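Throughout, protein chains are lettered first and strands after them, A, B, ... in sequence-line order, and every chain is numbered starting at 1. We use all heavy atoms of the structure for the numbers below, so side chains are in, but hydrogens, waters and symmetry mates are not. Computed from a prediction, not measured in an experiment: that's the story for all the values here.
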2 protein chains.
Amino acid sequence: MDTLDVKILKLLQQNARVTVSEIASQINLSVPAVSDRLKKLEAGGIIDKYVAIVNPARFQKELTAIMFISLERPKFTEQFVEFVQREDEILECHYLAGDYDYALKIITRSAATLERLLNRIKSVPGVQKTRTIVALSTVKNNHSIIPEDYSGE
Amino acid sequence: MDTLDVKILKLLQQNARVTVSEIASQINLSVPAVSDRLKKLEAGGIIDKYVAIVNPARFQKELTAIMFISLERPKFTEQFVEFVQREDEILECHYLAGDYDYALKIITRSAATLERLLNRIKSVPGVQKTRTIVALSTVKNNHSIIPEDYSGE
DNA sequence: TCTGAAAAAGAATTCGG
DNA sequence: CCGAATTCTTTTTCAGA
């Protein structure tokens, strides 16, 4: 992992479909060298995956919300996690240290669909308390960490 | 926008670097047809971008946190937004309806680096109150909405 | 480990139907 | 939208630095 690898990662974060030869010319490296490095970045799990980001507005998904959940007991965890995985409107779920047990990031169509999701959530066994915070707009939305500029290793 | 477009989107969400011919064979459509559809999805802004997701753990970014911020007055907004854009450890920023004004999603190295970021945040003019919630683990992490299976338009 | 070139394979574009 | 031909791109290989 060096400066050149970081440059490759940054180019792929800007556009995951750039060709190897385009990367090569951008960073002044030969095509085989870039190809080798890219394979190592993929095989080594440095690059987790390549994702197409779909514009939520084009699917009338206009409402973003953060929802906090507290679960009654640890034994309900497995069932809750399965529920979360099933629900496409729940994009993220983080297990928390603190007052609530989970934080969900939700993108849905409207107040009405949020209400329906909330009702599904409340009917999952063990869900005790919820708190929903609605976002009015999104100021920044990076999907991946940005590797800091490298010098070591 | 129809069922086939949704299938194309889903394949690109699984792997944004799949080739058009691979998509074509997966959905039983000719290569030129897929190529045309893909161009329309891109040009129409349905696909926002293609992103390589970098594994945070491989860069020792082990700590995820949600931070709520309240700003003193609207006039500090612009400066705050610029700050947020500059800080690579702040991945998301949403403007809120409610108690706090903004929610940030933060991925950083450790408690020490979170502390330093918190201090930078607190020294942004207008930042009045913050509340930080640390995540212990991530249960689900989708980066894009999943289009519902289509029938109309 | 990289380069450069050449060969081979594969993918995308074009276009007639 | 299909299918075939053309063109472009990518990958692989390897000798040499």
Side-chain angles (χ1 to χ4, degrees), chain A residues 1-55 58-60 143-153, chain B residues 1-61 143-144 146-153:
Chain A
M1 173 65 51
D2 62 8
T3 308
L4 290 170
D5 285 332
V6 170
K7 284 182 182 171
I8 293 170
L9 291 175
K10 288 188 175 175
L11 288 171
L12 286 163
Q13 286 181 327
Q14 284 164 41
N15 174 16
R17 281 177 77 79
V18 289
T19 61
V20 171
S21 57
E22 178 64 24
I23 295 170
S25 79
Q26 296 260 344
I27 68 174
N28 298 314
L29 207 65
S30 69
V31 169
V34 173
S35 184
D36 280 0
R37 281 166 176 270
L38 183 50
K39 281 195 183 104
K40 280 174 191 156
L41 292 170
E42 289 168 348
I46 312 268
I47 296 173
D48 198 46
K49 54 183 173 176
Y50 302 102
V51 186
I53 305 297
V54 173
N55 191 341
R58 297 320 207 80
F59 285 87
Q60 289 81 43
H143 298 277
S144 175
I145 62 151
I146 295 173
E148 63 252 49
D149 293 319
Y150 233 78
S151 24
E153 174 143 349
Chain B
M1 172 67 49
D2 62 8
T3 308
L4 289 170
D5 285 331
V6 170
K7 284 182 182 171
I8 293 171
L9 292 175
K10 287 188 175 174
L11 289 170
L12 285 163
Q13 286 181 326
Q14 284 163 43
N15 175 18
R17 281 178 76 79
V18 287
T19 60
V20 170
S21 56
E22 178 64 24
I23 296 170
S25 78
Q26 296 259 347
I27 68 174
N28 298 315
L29 207 66
S30 70
V31 169
V34 172
S35 183
D36 279 0
R37 281 167 176 268
L38 182 50
K39 280 193 185 106
K40 280 173 192 156
L41 291 171
E42 289 168 347
I46 312 268
I47 295 173
D48 197 45
K49 54 182 171 176
Y50 301 103
V51 185
I53 305 296
V54 173
N55 190 340
R58 297 320 209 81
F59 285 86
Q60 288 81 44
K61 300 264 188 174
H143 299 278
S144 175
I146 296 174
E148 63 252 49
D149 293 319
Y150 233 79
S151 25
E153 174 141 351

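Of the residues listed (A/Q13, A/K7, A/M1), the one engaging A/P147 in a side-chain contact (heavy atoms from CB on, under 4.5 Å) is A/Q13, and it is the only one.
Heavy-atom minimum distance, B/I8 versus B/I27: CG1-CD1, 3.7 Å.
A/R37 has no side-chain polar atom (N or O) that falls below the 4.0 Å cut-off from OP1 or OP2 of C/dT1.
To the nearest angstrom, C1' of D/dC2 lies 9 Å from CG of B/L29. As a whole-Å value, the separation of A/I8 CD1 from C/dT1 C1' is 13 Å. Between A/N28 atom CG and C/dT3 atom C1' the separation is 13 Å, expressed in whole Å.
Between the NZ atom in A/K10 and the CD atom in A/Q14 there is a gap of 9.0 Å [rounded to 0.5 Å].
A/R37 places no side-chain N or O within 3.5 Å of a backbone atom of A/P32 that could act as its donor or acceptor partner.
The closest side-chain heavy-atom distance from A/L12 to A/I23 is below 4.5 Å.
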Check nucleotides 10-14 of chain C against the protein and report each pair of N or O atoms closer than 3.5 Å, with its distance, or say if there are none.
| unit_1 | atom_1 | unit_2 | atom_2 | d |
| --- | --- | --- | --- | --- |
| C/dA12 | OP1 | B/V20 | N | 3.2 |
| C/dA12 | OP2 | B/V20 | N | 3.1 |
| C/dA12 | OP2 | B/S21 | N | 2.9 |
| C/dT13 | OP1 | B/K39 | NZ | 3.3 |
| C/dT13 | OP2 | B/S35 | OG | 2.7 |
| C/dT13 | OP2 | B/K39 | NZ | 3.2 |

Can I get a per-line list of side-chain donor-acceptor pairs under 3.5 Å for residues 39-52 of chain B, giving both atom names and the distance, sequence neighbours left out?
| unit_1 | atom_1 | unit_2 | atom_2 | d |
| --- | --- | --- | --- | --- |
| B/E42 | OE2 | B/Y50 | OH | 2.5 |

